[in-house]
Amino acid sequence: MTADIAYVVALTASLVWFTMGFRYFAFQAETAAKVMVGRPHRDSPVFRTYAAGVRFLGGFNAAFALMSLLLLVCTLAGSELFDDAGERAIVLFVLAAAHFSQFLPNVPVLRNGERHDDGAFWPVRSGPMLMIFVVDLAETAVNLGAGVAQLAA
C-alpha cells in the first residue's frame with residue numbers, strides 16, 4: 001500500500017513540475033534566457049538564438065509531463081499497465097534521472113561563484129534558478145524513494 005501511494009505521489013509531483021517546466025521554457029523562453037544570459041549580452045543575435053533554443057527544454061519537459069500523466073491515469077483507472085513493482089521502479093528511476101539531470105548542471109556554476117562580472121553563467125542562489133535547483137533535487141529524492149519503495153514492496 002505504501003509503495004502504491006509513493007508511486008502516485010511521485011507521478012503527481014513529476015507531472016506538476018514537468019508541466020511547469022514546459023510552460024516556462026516553451027512559452028516564456030525569453031524570460032528563461034534572461035536568467036541564464038547577463039544583461040550586457042542580451043542585445044546580441046546569439047541571445048535571440050539561445051532564447052529560441054530554450055524552447056527545446058520545454059519540449060523535453062512536455063514529454064516527461066505527458067508520460068507522468070498517462071502513467072498516473074493508468075494507475076488511477078486500475079489498469080494493469082505498469083502494475084509490476086519492477087516496472088514502476090524503472091519508470092521512477094528514469095524520472096529521478098530526468099530531475100537530477102536538471103539539478104546537476106547548476107552545481108559547478110554554484111561552486112564557481114555563479115554570475116561573473118563579464119556576464120558568464122547565472123545566479124543559482126536567487127530567482128527562478130534557486131527554485132529549479134531545489135525542486136529538482138527534491139523531485140530526484142521523491143522519485144528515487146518511491147522507486148526503492150517499489151522494490152521493497
Side-chain angles (χ1 to χ4, degrees), residues 2-3 5-75 82 87-152:
T2 301
I5 293 170
Y7 185 63
V8 169
V9 167
L11 288 177
T12 302
S14 288
L15 170 61
V16 169
W17 186 241
F18 285 129
T19 300
M20 289 172 64
F22 164 63
R23 184 190 163 283
Y24 183 61
F25 292 115
F27 298 107
Q28 294 179 280
E30 191 166 311
T31 301
K34 285 179 181 178
V35 171
M36 307 294 280
V37 177
R39 233 179 226 118
H41 305 287
R42 292 181 191 160
D43 290 331
S44 164
V46 175
F47 173 76
R48 290 191 311 275
T49 302
Y50 180 76
V54 164
R55 286 188 174 85
F56 284 106
L57 292 173
F60 290 130
N61 278 277
F64 281 117
L66 179 61
M67 184 183 80
S68 298
L69 174 65
L70 294 174
L71 290 171
L72 186 59
V73 167
C74 286
T75 299
F82 289 95
E87 294 170 340
R88 287 181 173 191
I90 289 171
V91 166
L92 292 166
F93 292 149
V94 169
L95 287 173
H99 290 296
F100 192 66
S101 75
Q102 294 180 42
F103 163 83
L104 193 59
N106 284 304
V107 172
V109 173
L110 184 62
R111 281 189 181 157
N112 290 322
E114 302 177 275
R115 174 132 316 135
H116 294 181
D117 291 338
D118 65 0
F121 303 111
W122 53 88
V124 178
R125 292 183 191 149
S126 63
M129 289 309 294
L130 175 61
M131 188 169 94
I132 290 169
F133 186 65
V134 170
V135 174
D136 272 317
L137 180 60
E139 289 277 1
T140 300
V142 166
N143 280 277
L144 275 177
V148 169
Q150 300 310 302
L151 298 177

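Small disclaimer: the values here were computed from a predicted structure and weren't measured.
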Notebook entry, point to check: Nearest heavy-atom pair of Ala62 and Phe22: which atoms, and what distance?
Noted result: CB-CD1, 3.4 Å
Note to self: Going by side-chain contact (heavy atoms from CB on, under 4.5 Å), name the residues that satisfy it together with Ser101, two or more places apart in sequence or in a different chain.
What the structure shows: none
Next item on the list: Provide the closest heavy-atom pair for Gln150 versus Arg88 in the form atom of the first, atom of the second, distance.
Entry: OE1-CD, 3.3 Å
Margin query: Between Val142 and Trp17, is there a side-chain heavy-atom distance shorter than 4.5 Å?
Written below: no
Check: Can you list every ring pair (Phe, Tyr, Trp, His ring centres under 6.0 Å) pair that touches residues 32-70, not counting sequence neighbours?
Finding: Phe18-Phe64
Check: Is Tyr24 close to Thr31 at the side-chain level, that is, under 4.5 Å between some pair of heavy atoms?
Finding: yes
Item checked: Pairs satisfying salt bridge (charged side-chain N to carboxylate O under 4.0 Å, His left out), at least one member in residues 123-145, at least two apart -> Glu114-Arg125
Check: How long is the span from the CG atom in Leu95 to the OG1 atom in Thr140, to the nearest 0.5 Å?
Finding: 10.0 Å
Checklist line | Reported OG-to-CG distance for the pair Ser14 and Asn61, which is rounded to 0.5 angstrom | finding: 10.5 Å
Checklist line | Closest contact, heavy atoms only, Ala146 versus Ala10 | finding: CB-CB, 3.8 Å
Notebook entry, point to check: Considering only heavy atoms from C-beta outward, does the side chain of Met129 approach that of Met36 to under 4.5 Å?
Noted result: yes
Notebook entry, point to check: Of the non-hydrogen atoms in Leu15 and Thr19, which two are nearest, and what is the gap between them?
Noted result: O-OG1, 2.6 Å
Next item on the list: Go through the structure and list residues passing salt bridge (charged side-chain N to carboxylate O under 4.0 Å, His left out) with Arg39, not counting sequence neighbours.
Entry: none
Next item on the list: With sequence neighbours excluded, give me every ring pair (Phe, Tyr, Trp, His ring centres under 6.0 Å) pair touching residues 109-150.
Entry: Phe103-Phe133, His116-Phe121
Margin query: How close do Arg42 and Val37 get, counting heavy atoms only, and between which atoms?
Written below: NE-O, 2.9 Å
Item checked: Nearest-0.5 Å distance that lies between atom CG in Leu71 and atom CG in Leu66 -> 9.5 Å
Next item on the list: Could you check if a side-chain atom of Leu144 sits within less than 4.5 angstrom of a side-chain atom of Phe93, using non-hydrogen atoms only?
Entry: yes
Notebook entry, point to check: How would you list all residue pairs meeting salt bridge (charged side-chain N to carboxylate O under 4.0 Å, His left out) that involve residues 45-71, not counting sequence neighbours?
Noted result: none
Item checked: Nearest heavy atoms of Ala29 and Ala51, plus distance in Å -> CB-O, 3.2 Å
Next item on the list: Evaluate the side-chain proximity of Leu57 to Gln102: yes if any heavy-atom separation is below 4.5 Å, no if none is.
Entry: no
